[in-house]
Structures are given as structure tokens and as C-alpha cells.
Peer 1: 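The structure under discussion is supplied below as C-alpha cells; questions concerning it will follow.
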There are 2 protein chains.
Amino acid sequence: MSTPDASEAPGSSSLPAGQTTTRDDAVDRILDAAYELFSRRGIRAVGVDQLIERSGVAKATFYRHFPSKDDLVLAFLALRDQIWTVDLIISDARNRGNTPEEQLLAIFDVFGDWFQREDFEACSFINVLLEMGREHPLGKASIGYLARIRGHIQELAEEAGLERTEEFARSWHILMKGSIISATEGDVLASKRAQQMASWLIEQHRGPERPVTA
Amino acid sequence: MSTPDASEAPGSSSLPAGQTTTRDDAVDRILDAAYELFSRRGIRAVGVDQLIERSGVAKATFYRHFPSKDDLVLAFLALRDQIWTVDLIISDARNRGNTPEEQLLAIFDVFGDWFQREDFEACSFINVLLEMGREHPLGKASIGYLARIRGHIQELAEEAGLERTEEFARSWHILMKGSIISATEGDVLASKRAQQMASWLIEQHRGPERPVTA
DNA sequence: GGTCTGACAGACCGGTCTGTCTGGTTGCTC
DNA sequence: GAGCAACCAGACAGACCGGTCTGTCAGACC
């Protein structure tokens, strides 16, 4: 789980990249530990000492790269956007469906598989938003990443030729978030229920002239 | 639950005694403070010292009535179930609609008003579940209270003569929870979007012989 | 009057939190 | 070899955490 692009901001000073043995190594280990711990246990429940121990890094090294814990959480959210939103959900859904409509509905197939993993950890953006509050900088950042998810949905809706794609994406997102909470409660079939409602939503946003052909 | 309305400004406790009703007074003040603080800021963000100060109670008194902070949180969840679930949502929705179907849909009218309050605090059961985790006793308790909400929905669905009421209630609950998260993000129209999808859900759960009469 | 209960006030405990700082080590560059 | 940058290890500071405990006081009951 190396970081392809997100983050890397703090360490890239004016060194001409002559050495990479321990250059980004510490940052990567910190981010790996952060991803593992934050996504599973939340923000406040994970202390800096745990992150230090898990990543095998000195405390000074930690604070050199991330001046505060919140800075690390911001980097974690960016990483989560790449690993979870993009790589795990959207890309997978796009691969599973042939048409944009199928790709949209495939999101809930991906959810179905995801819900059944015993290490299912829910949506970090929702978690952080509710844990920190919408006024907190981390809550605001989470709202931004949730909006990015809606952007992906809207993009797919436009590819599918649906109408009123922004409202479509907002309604769709309600189904995604609601099913995630239900799955957290233990309802592994929540993805199927949401998918059924999602198909009705697609019907309502199809153009009037467009036939119902597959 | 001992607090019927949970009003009672917290500052009116410095009276020079003189009354015998100090019996449950301390408990009520603690619960009032807990409701105010827990519902707005979460569990871990509220310390015992804050609860002590807000309720104007001695620490020993606090721990006499609630042997641990978690015990108080459990009492808070029970209080939230009464004040929020029953009194604020279900009863209000029942009063707003004439038929059971109207009462069901009125839930999202109540949500619409609730979402617009500037002190909108989302759903404490979801908050606690996500904050503490589903394995934690408080998370499990929250799951139980969420199931109670589904029970109210299923009850209304049965009164409306709908079919497969348990699955109906689970799908309906997805819409409720998803719209709450969206409202937390700032989408005050989330209640309308959910209500639209909810009406489709009702249609799909009506008996086949039943006409579409209003 | 004596006793008991429950409330208040607040010191205090061990532990954890975020964040700072010192000291020693490694490895690259000049 | 000197300098330097980044690393590891860990003590330390100051705040806060949940929870315990001592002590004082007011009212109820015998």
C-alpha cells in the first residue's frame, strides 16, 4: 500500500533526489499505519503513540513529516479517497458493468462483497464527519471527499445520458450512505435493498423519449 | 425515564435548598446535561468533568447514580429513544398524516423541519455506533435502538396493509439514515429526495389487488 | 439528641493524550 | 575527515481522562 501520489507534500524539499533509501520510507510507514488504524478504529481512538509504534518510527520523525495529528488525518483522508473511493469502489464498478447504467448498479454489487468482509470498516468520511463534527476542519474535509464521491456518480449518470444528474447523484448517494450504515448494523443484504431502489431511481431519471431497451 | 420533557435550564440549581425534592433532582440534572452534551458533541468528546460542571453535581453524586460513564451513556440512549424517536419523530409523523401511508411519508416532512434547525445534531444512535464500533456495548445498544426505529416503521407498514413489512422497514430505514447523513453534509433537501424514493418503495409493497386510490 | 442518607466541594490517583526536546547513529556529500 | 540531514529511542511537559476518596453540611427519622 504505497502512496502513488497523494500526500508526499511535506518531504520533497530541494534535495535533488539522489537518495531514496529512507527518503519516503518513514512517511510511507506512517501512512500505512494511519490507514490501518484510522479506518478501523476512528480518529480519537487512535493515539500518536500507537501510530509511532506501528510504523516503527521515531516521534520526532513523525512530527517532522506531520506537524500535527490532524495533518496526518488529512493525509489519511486523501489516501482513503484514492484507495477506497477510486480504486476499490468506482474502478471496480466500472469494470463490472458494460454500460454506464450497469456500472452504476454494479456499485451495489461491489458494496455487497465489501459488506461481507469481516474487516468491513464502513466509510471513513462518514465516520470522521460524525466523529469530529461538520464545523471541524477534518469534518469539512470529509464533506469535500463525500462530494467527490457524488462527482463520480454524477459523471456516470451523464455517461448514461440521465437527466438532472446532480439531483440524481444526491439521491443515489443517500442510498449508498444509508446502506453502509445498515451494513454496519449487520444487515448484509442492505446492498440488495439499496440496489433495488437505485434501479427505480434510474428509471425516473431516464429521458422521456428514451426507450427501455437494454 | 424520569425526565418527561428535558427542559429545565441548567443554571437554576444554585437555590439555597429548602426543598425535599433533591431526591431525583441530581439524576435529572445529570441526564439533562448528558442529553445536551452527548447528542451534540458525541461520547468521547464529552468528559465527566464537563458533565459534573454542567449539571452542578458533585462527582461522588455522579458516580453514585452512574457507576461509570458508560452507564450514563446507556441512560442517555434510552432517553434519546424516548425524546427523539418516539416523541419527536414517530408521534409527530403520526399526527401529521391521516392514513398510515401518509403518516409514513410524513416522517420525511418531520425530517425536513428537523434538518433545517441550526442545532441539528444528526442521529445519536448512528453517531454512537460509528464512534464506538459495533462490538462495543454502547455500539450494540445503539444497534438495538436503531432496530426499535425499524419496529415503528414496520408497525406503520402493517397498519397501511403493505406486504413484506420487515423488508419494507429495512429499505425505508436506509432512506432515513442516508438522508440524515446527507443533511449533516449540508443538503437540507435530502428529506425531499428520500421522500420521493420512499413513495416508490410504498408502491412496490402495496398488495397487487389493491387499487391506487388516494 | 443521635444517626443515617444523600448532596456538595474538591483533592487526588494512575494513565493517556498531543507535542517538544535531547542524544546517539547512520549514510551521503563535499 | 567534516558537515549535514534524516533516522531511531525515549524522556519529558502539560493537559486531560475516568474514577476514587475525604470531608462538610442539610434534612429525615427514631
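For the numbers below, each heavy atom of this structure counts, side chains included, while hydrogens, waters and symmetry mates do not. Naming convention: chains lettered A, B, ... in sequence-line order (proteins, then strands); numbering from 1 in each chain.
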Peer 1: Just to confirm, is there a sub-4.0 Å distance from OP1 or OP2 of D/dA6 to any side-chain nitrogen or oxygen of A/His65?
Peer 2: no
Peer 1: Expressed as a whole number of angstroms, how long is the span from B/Asp49:CG to C/dC13:P?
Peer 2: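 Taking atom P of C/dC13 as the reference, CG of B/Asp49 is at 16 Å.
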Peer 1: Tell me if a side-chain donor or acceptor on B/Lys140 pairs with a main-chain N or O of B/Leu129 at a distance below 3.5 Å.
Peer 2: no
Peer 1: So which one's nearest nucleotide on DNA chain C is more toward 5', A/Val48 or A/Ala60?
Peer 2: A/Val48
Peer 1: For A/Ile52 and C/dT20, what is the distance between atoms CD1 and P respectively, to the nearest whole Å?
Peer 2: 12 Å
Peer 1: When the distance from CG of A/Leu72 to C1' of C/dG19 is rounded to whole Å, what number comes out?
Peer 2: 14 Å
Peer 1: Could you measure the distance from the CH2 atom of B/Trp114 to the OG atom of B/Ser179? Nearest 0.5 Å is fine.
Peer 2: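 The OG atom of B/Ser179 is 8.0 Å from CH2 of B/Trp114, to the nearest 0.5 Å.
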Peer 1: Just how far, in rounded Å, is C1' of D/dA9 from CZ of A/Arg54?
Peer 2: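 It works out to 20 Å between those atoms.
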Peer 1: Measuring to OP1 and OP2 of D/dA6, would you say a side-chain N or O of A/Thr61 lies under 4.0 angstrom away?
Peer 2: no
Peer 1: What's the OH-P distance between A/Tyr63 and D/dA13, to the nearest Å?
Peer 2: 17 Å
Peer 1: Between A/Arg64 and D/dC7, is there a contact of a side-chain N or O with OP1 or OP2 at under 4.0 Å?
Peer 2: yes
Peer 1: Using atom NZ of A/Lys59 as one end and atom P of C/dT22 as the other, report the distance to the nearest whole Å.
Peer 2: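 Rounding to the nearest Å, NZ of A/Lys59 and P of C/dT22 are 16 Å apart.
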Peer 1: Picking from A/Ile126, A/Val128, A/Ile180, what satisfies side-chain contact (heavy atoms from CB on, under 4.5 Å) with B/Leu130?
Peer 2: A/Ile126
Peer 1: Would you find more than 12 non-hydrogen atoms of other residues, nucleotides or ligands less than 6.0 Å from B/Glu53 atom CD?
Peer 2: no
Peer 1: Check the distance between D/dG10's P and A/Glu53's CD and give it to me in whole angstrom.
Peer 2: 11 Å
Peer 1: May I have the distance from A/Ile30 (atom CD1) to D/dA6 (atom P), rounded to whole angstrom?
Peer 2: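 Atom CD1 in A/Ile30 sits about 14 Å away from atom P in D/dA6.
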